[in-house]
Amino acid sequence: MRWSRYYLYTTREVPADAEVVSHRLMVRAGMIRKEAAGIYSYLPFGWRSLRKLSAIVRREMDAAGAVELHMPVVHDADLWRESGRWQAYGRELLRVKDRHERDFCLGPTHEEVVTDIVRRDVRSYRQLPTNLYQIQVKFRDEIRPRFGLMRGREFIMKDAYSFDVDDAGLDAAYEAMDLAYQRIFTACKLEFSRVEADTGAIGGSSSHEFMVLAETGESEVVSCRECGYGANVERAETRPLAAPEPEEPAERREVHTPDCATVAEVAELLGVGPERVVKTLLYETTAGPVAALVRGDREINEIKLANHLEVPEVTLAGEALVRSLSGADVGFAGPVGLPDSVRLIADDSVRGLTNFVCGANKTDAHLTGVNLERDVDLAEFTDLLLVTGGDACPRCGNELGLSRGIEVGHIFKLGAKYSEAMSCNYTDEEGRERPMEMGCYGLGIGRTVAAAIEQNHDDKGIIWPLPLAPFTVLVLPLTNRDESVVGAAEGVYQDLVARGVDVLLDDRDERPGVKFNDADLIGVPVRVVIGSKSLADGNVEISLRRDGEKELVPVEGAVERAAELAAG
RNA sequence: CGGGGCGUAGCUCAGCCUGGUAGAGCGCACGGUUCGGGACCGUGAGGCCGGAGGUUCAAAUCCUCUCGCCCCGACCA
């Protein structure tokens, strides 16, 4: 491709709304253009990268036995009513009406459509298993789109859906996808982590996320160096915490703790460690008010709490509700003497604590010497702990590390949730009708490209990993005025084209400084610089964007060398 | 949806407080000089000051409403 004939316009100005590097660089490098909040055009240079990724994804999906199809963006509301998600999905589902006032929505995901397809075609166990995938635009009317392609409203995603006769089949399908994902991200040369994930609203039994590790990631994950355990903090577990020394039960008494609304303040005033304080958090849930107890030095994992309660979400109670439930200002709630209407659930970290401190349900007062068994009628213990770095690995006990990641892939076992709701059944060997066991496997295409940039850049621009680079070689003649330079560049360019290398020739009539800076910005991995001086000695300069180290190569050998570097 | 901020040239922004001829840098066009890390000089084009209403002799500027965008909190590939 000749730059002068291509459509690639870089910019020096950084867009005002770009917060993270990948967004900034994608805009500056002429890869994307915002059309509306969370909605982007993929400009030619950016689109090439997405296509490179898509090709890798297709290759691995096909190899794993999945079959590509293409489903609509606009979905009939009836399908969504059938699965129950027309109601359940919330405002993220963009609903539209056609000219006949019929309800439709823009597909945020395709379980309904794919299930509808399969139930019409597949009748017998003989036709299973099957796994269908597509690479398609999806739309989720995100509350707050941000970070460019990382969290758009319209985005491109690969999603696969597996259909099996039973759990064992589903397990096999899941494992095949799991492996395919690992192969995909490895092939992209991305540093990623595969972690256990919460299944969330989609439901199902098992779920893993694939995280590209990056500072700007929106997810937190813990991982164990020793045994390879990794989990999203939403889901992560740990071993029982080391409990403070037990003491002989002391007398319970109320102490005056003015303005001590946080554990740290109370602990300091009373001269005890925060691990001897119990924190009581009041939540508002669709299942009624709940008080969640956790040791004072730790935090509640609200996802675990919601899962335990089997509700979609929990919300921390507001001031007014706290006052009406506990009879005190925020910060003084405690398990002793709460109204019966409040369901009391304690994290395991509270179990066995002796003589602890907690709120007295009275403003400016706490209780000391509290002992659960004696003072509280409490039966419900469970794991509500928000695991963090430094906690013990639940498998091997070693210390867990904490890092941030960009969720680029998420695989789920759905089970029969959709197949039952939508009668996606097959007939088994005995002639019985059964719902299919489903799995779904998502991979964010645009997000993965953004993540690749997030992970591979410097202060001058993008440093493409070879497999995702829009072009692998940039031929850069330093001037258009020196016939020999132009001729040599043309020669190298055409030979590389003939070899099938993705090569970009910067034939623009620009000053060298402009070309160099653009070259750094767009990050093409291999650079062939052709200038009058070195060419006078019969040489060209070849360098890698990654390290910038220049290597003088005779013109005749340039194509060979560049092609070799471009091949990895 | 709550809290905060911003809409002025293609882009990044000043001007608004204190009303009176709409500005800068970059980019773009033309001429010239330059040419191995975002050159320089000269000339020029380019604006419904987000939209609607109001106050005023006069509104980018003050007031009201509206639309859009961005940032901080609850979602997810």
Side-chain angles (χ1 to χ4, degrees), chain A residues 9-20 23 27-28 33-39 57 89-93 108-110 135-160 181 197-202 207 209-212 217-219 232 234 284 302-303 306 312-316 318 405-412 440-451 460-461 476-482 485 508-521 527 529-535 540-541 548 550:
Chain A
Y9 301 101
T10 61
T11 167
R12 213 184 320 186
E13 304 284 359
V14 316
D17 57 5
E19 286 271 309
V20 296
H23 186 193
V27 172
R28 285 193 54 210
R33 167 110 357 112
K34 185 169 76 178
E35 302 297 345
I39 299 176
V57 169
Y89 214 91
R91 279 131 319 268
E92 220 168 90
L93 186 66
T109 176
H110 283 68
I135 293 177
Q136 168 65 299
V137 165
K138 309 220 170 197
F139 194 94
R140 292 182 192 167
D141 201 355
E142 289 278 348
I143 295 162
R144 192 147 87 80
R146 61 185 132 176
F147 301 158
L149 257 39
M150 295 253 265
R151 178 177 298 280
R153 291 196 291 173
E154 183 179 294
F155 56 99
I156 298 176
M157 183 174 157
K158 186 284 303 179
D159 52 325
Y181 274 42
D198 182 64
T199 49
I202 301 186
S207 173
E209 288 169 337
F210 290 80
M211 299 281 187
V212 167
E218 293 186 89
S219 310
N232 191 314
E234 293 177 349
E284 201 177 343
E302 296 184 357
I303 308 251
E313 58 177 0
V314 298
T315 319
L316 212 46
I406 299 163
E407 184 190 347
V408 290
H410 199 161
I411 58 178
F412 285 94
C440 81
Y441 317 93
L443 191 157
I445 300 289
R447 186 183 274 188
T448 300
V449 170
K460 311 210 83 171
L476 197 164
L478 283 169
T479 172
N480 278 4
R481 270 165 280 285
D482 182 333
V485 167
R508 298 174 302 166
D509 189 13
E510 288 288 353
R511 300 168 61 82
V514 173
K515 292 190 175 192
F516 280 128
N517 281 302
D518 273 344
D520 290 338
L521 210 211
R527 182 184 308 179
V529 173
I530 302 169
S532 313
K533 288 172 195 166
S534 39
L535 192 62
V540 302
E541 263 167 38
K550 295 169 193 155

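Just so it is clear: chains get the letters A, B, ... in the order the sequence lines come, proteins before strands, and each one is counted from 1.
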Taken to the nearest whole Å, CZ/A:Arg511 to C1'/B:C35 is 5 Å
So, does the side chain of A:Glu13 form a donor-acceptor pair with the base of B:G25 at under 3.5 Å?
yes
Taking the P atom in each of B:C11 and B:C70, what is the distance between them to the nearest angstrom?
15 Å
On a whole-Å scale, what distance lies between the P atoms belonging to B:C63 and B:G19?
12 Å
Both A:Gly152 and A:Val514 contact RNA chain B. Taking the nearest nucleotide for each, which residue is further toward the 5' end?
A:Val514
Most 5' of A:Leu478 and A:Glu218 on RNA chain B, judged by nearest nucleotide:
A:Leu478
Among A:Ile411, A:Leu443, A:Thr448, find the residue that satisfies the side chain to side chain contact (heavy atoms under 4.5 Å, CB included) test when tested with A:Phe210.
A:Ile411
Grab the CG-C1' distance between A:Asn480 and B:U34 for me, whole Å please.
15 Å
Write down the distance between CZ (A:Phe210) and C1' (B:C76), rounded to a whole number of angstrom.
17 Å
Using the C1' atom on both, measure B:A24 against B:C48 and round to a whole Å.
22 Å
Find out whether A:Asn517 and A:Lys460 are in side-chain contact, i.e. whether some heavy atom of one side chain is under 4.5 Å from a heavy atom of the other.
yes
Grab the two heavy atoms, one from A:Lys34 and one from A:Asp17, that are nearest each other, plus how far apart they are.
NZ-OD2, 2.6 Å
Taking the C1' atom in each of B:G15 and B:A22, what is the distance between them to the nearest angstrom?
8 Å
Would A:Asp520 and A:Arg527 pass as an ion pair if we require N to O under 4.0 Å?
yes
Give none if B:U56 has no partner; otherwise give the nucleotide forming a Watson-Crick or G-U wobble pair with it, both distances under 3.5 Å.
none
For atom CE of A:Met150 and atom C1' of B:C76, their distance in whole Å:
13 Å
Inter-residue atom distance A:His110.NE2 - A:Asp159.CG, 0.5 Å rounding
6.5 Å
For A:Val408, report the nucleic acid contact type (base, sugar-phosphate, nothing); a contact means any heavy atom under 4.0 Å.
sugar-phosphate
Counting heavy atoms from C-beta on, name the nucleotide in B:G37, B:C76, B:A74 closest to the side chain of A:Ile143.
B:A74
Categorize A:Ser534 for me: base, sugar-phosphate, or nothing, with a 4.0 angstrom heavy-atom threshold over every strand shown.
base
Name the pairing partner of B:A22, where a pair is Watson-Crick or G-U wobble with both distances under 3.5 Å, or state none.
none
When rounded to the nearest 0.5 angstrom, what distance separates CZ in A:Arg146 from NE2 in A:His23?
13.0 Å
Suppose you measure atom C1' in B:C71 against the same atom in B:C35; what distance do you get, rounded to whole Å?
43 Å
Base, sugar-phosphate, or nothing for A:Gly531, non-hydrogen atoms under 4.0 angstrom?
base
Has A:Phe155 got its ring stacked on the base of B:A77, with centres under 5.5 Å and planes less than 30° apart?
yes
Within the pair A:Arg12 and B:C11, is there a side-chain N or O less than 4.0 Å away from OP1 or OP2?
no
Can you tell me the pairing partner of B:C28 across any strand shown, Watson-Crick or G-U wobble, with both distances under 3.5 angstrom?
B:G44
What is the distance, rounded to the nearest whole Å, between atom CD of A:Glu510 and atom C1' of B:G36?
15 Å
Scan every strand shown for a Watson-Crick or G-U wobble partner of B:G7, both distances under 3.5 Å, and answer none if you come up empty.
B:C67
Would A:Arg151 and A:Glu142 pass as an ion pair if we require N to O under 4.0 Å?
yes
Suppose you measure atom P in B:U64 against the same atom in B:U55; what distance do you get, rounded to whole Å?
15 Å
Answer for the Watson-Crick or wobble partner of B:A77, both distances under 3.5 Å, is none
Sequence neighbours excluded, which residues qualify as ring pair (Phe, Tyr, Trp, His ring centres under 6.0 Å) partners of A:Tyr89?
A:Trp80
Whole-Å distance between B:C76 P and A:Met157 CE?
12 Å
Ignoring hydrogens and angles, does a donor from either the side chain of A:Arg151 or the base of B:C75 sit under 3.5 Å from an acceptor on the other?
yes
Among residues at least two apart in sequence or on other chains, which ones pass ring pair (Phe, Tyr, Trp, His ring centres under 6.0 Å) with A:Phe155?
none
Looking at B:G2, which nucleotide sits across from it as a Watson-Crick or G-U wobble partner, both distances under 3.5 angstrom, or is there none?
B:C72
Can you tell me the pairing partner of B:C35 across any strand shown, Watson-Crick or G-U wobble, with both distances under 3.5 angstrom?
none
Using a heavy-atom cut-off of under 4.0 Å over every strand shown, decide if A:Asp518 touches base, sugar-phosphate, or nothing.
base
Using OP1 and OP2 only, check whether a side-chain N or O of A:Arg140 sits under 4.0 Å from B:C76.
no
Atom pairs, protein N/O to nucleotides 66-70 of chain B N/O, distance under 3.5 Å:
residue	atom	partner	partner atom	Å
B:C69	OP1	A:Ala37	N	3.4
B:C69	O3'	A:Lys34	NZ	3.1
B:C70	OP1	A:Lys34	NZ	3.2

Can you find a donor-acceptor N/O pair under 3.5 angstrom joining the side chain of A:Glu541 to the base of B:G36?
yes
When the C1' atoms of B:C1 and B:C17 are compared, how many Å lie between them, rounded to an integer?
32 Å
Sugar-phosphate only, base, or nothing, as touched by A:Arg527 at under 4.0 Å among non-hydrogen atoms
base
In whole angstrom, what separates A:Lys550's NZ from B:G36's C1'?
8 Å
Can you check the A:Arg33 CZ to B:G10 C1' distance for me, whole Å?
10 Å
Which value, rounded to the nearest 0.5 Å, describes the distance between A:Thr315 atom OG1 and A:Glu302 atom CD?
8.0 Å
What integer number of Å spans the P atoms of B:G4 and B:U43?
48 Å
